[in-house]
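One structure is given here, and the rest of the page talks about it.
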Amino acid sequence: MIIVTGANGKLGRAVVEQLLERVPAGEIGVSVRDVVKAQNLQNLGVRVRQGNFEDSEGLLHAFEGASQVLIVSSGTLGEAGIRHHRTAIDTAKKAGAGQILYTSHMGVSPVSYFPPMIHHAATEQLLANSGAAFTSLRNGFYAASAFPLFSEAIQTGELIAPEDGPIAWTTHADLAKATAAILIEHKFEGSTPNLTAAEAIRMDDIASMASELIGRPIRRVVVSDDEYRDRLISKGTPKAAVNMLLGIFRASRNGDFAQASGTLADLIGHAPTSFREVLKESLAHQQN
Ligand SMILES: NC(=O)c1ccc[n+]([C@@H]2O[C@H](COP(=O)([O-])OP(=O)(O)OC[C@H]3O[C@@H](n4cnc5c(N)ncnc54)[C@H](OP(=O)(O)O)[C@@H]3O)[C@@H](O)[C@H]2O)c1
């Protein structure tokens, strides 16, 4: 049985939906914190069990009979998040899973300017030390994560942000389809190549795309990191979020998210969704 954690979240749920298109529902199990939210999966024949990375005993029950476990990272940073992933890895091993998959990230590094990358690097190290067969999915940066960086510019006509580097923005839907393919076809031992859309783009590309799509000019304005930080703080942005946002710019300038690869396209059998398509759909949605 393939077990998917975080199946009430965006990526986990999309992976389960992709799996359902390719394998019988009875071969899929989900480990979720709230079983009520997964009732519709249960109705389809998916095994739904309660599992929380903070409760190893309950998690073992949720992982029972696992041939593979897809650990969707919990999104908790720092020691607590690493503890979550350690528990999930140890429990998957205990449950006898032949393969443990983990949603890591392109640009993973123990010394990254972007805090989640340090966290993913620590989890990859846990996987490497676990002695289990594992696949670390080097997911591209979610396209959805780009929106907070420029959405204000749609109103103001100015995309104000620090100098940036190219980022291979990638959709949840494409990553979910690729993940299902990896689970079913048993591809990749160790780290995957980066699973990304076809190209990495910069903020000035986003400004031009948005400008063209809305039919109004959007000017890219480069400010220093300090000025950007002050602007965010003056808007009441919490400190942790300020560090995360600045981290994206610093790490992207370092080239950490620039390496697009054709692996995702090969896995899903078609060209991944481009950022232009994502933006077009989002803007059309906003206008309705
Ligand atoms: N590639 C990227 O660019 C990128 C960007 C942002 C985040 N991420 C990472 O990718 C992960 C999945 O993305 P997403 O969009 O699907 O996020 P999401 O919708 O927030 O889903 C996260 C899932 O993690 C589950 N979770 C949280 N704490 C848990 C715990 N203690 N035990 C078990 N499960 C727990 C949540 O459970 P509930 O449904 O019960 O809340 C949720 O289902 C994120 O959590 C984050 O680590 C990647």
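One-based numbering, in listed order, for ligands and for the atoms of each. Positions are given from 1 along the sequence.
The single protein non-hydrogen atom nearest to atom 39 (O) of ligand 1 is N8 CB, 3.4 Å, given as residue, atom name and distance. The protein atom (non-hydrogen) at minimum distance from atom 23 (C) of ligand 1 is G6 CA, 4.1 Å. In terms of protein heavy atoms, atom 17 (O) of ligand 1 is closest to K10 NZ, 4.2 Å. Among protein heavy atoms, atom 34 (N) of ligand 1 sits closest to F53 CE1, 3.9 Å. From the protein, the heavy atom lying nearest to atom 31 (N) of ligand 1 is N52 OD1, 3.0 Å. Protein heavy atom nearest atom 42 (C) of ligand 1, with residue, atom name and distance: G9 CA, 4.0 Å. Ranking the protein heavy atoms by distance from atom 7 (C) of ligand 1 puts Y142 CE1, 3.8 Å first.
Note on ligand 1: T5 sits outside its first shell, no heavy atom being nearer than 4.0 Å. Ligand 1 lies less than 4.0 angstrom from a heavy atom belonging to H172.
Tested against R229, the residues V242, L245, V223 include a single side chain to side chain contact (heavy atoms under 4.5 Å, CB included) partner, V242. Put simply, the residue from I268, N139, T179 that forms a side chain to side chain contact (heavy atoms under 4.5 Å, CB included) with L195 is N139.
Here S74 has heavy atoms under 4.0 Å from ligand 1 in both its backbone and its side chain. Counting heavy atoms closer than 4.0 Å to ligand 1, residue H84 contributes side-chain atoms (C-beta onward) but none from N, CA, C or O.
Minimum heavy-atom separation, A25 to L20: CB-CD2, 3.7 Å.
When A14, S73, A38 are checked for heavy-atom proximity to atom 9 (C) of ligand 1, S73 turns out nearest. Which of Q50, R33, H105 comes nearest to atom 36 (C) of ligand 1 through a heavy atom is settled by distance: it is R33. The residue among L195, L11, T196 with a heavy atom at the shortest distance from atom 16 (O) of ligand 1 is L11.
One hydrophobic cluster, built from ILVMFWY side chains closer than 4.5 Å, cannot hold both L175 and I201; they sit in different ones.
Ring geometry for F141 versus F257: interplanar angle over 60°, hence perpendicular rather than tilted (30 to 60°).
Short contacts between ligand 1 and G140, defined as distances under 4.0 Å to a heavy atom of the residue, involve ligand atoms 1 (N), 2 (C), 3 (O).
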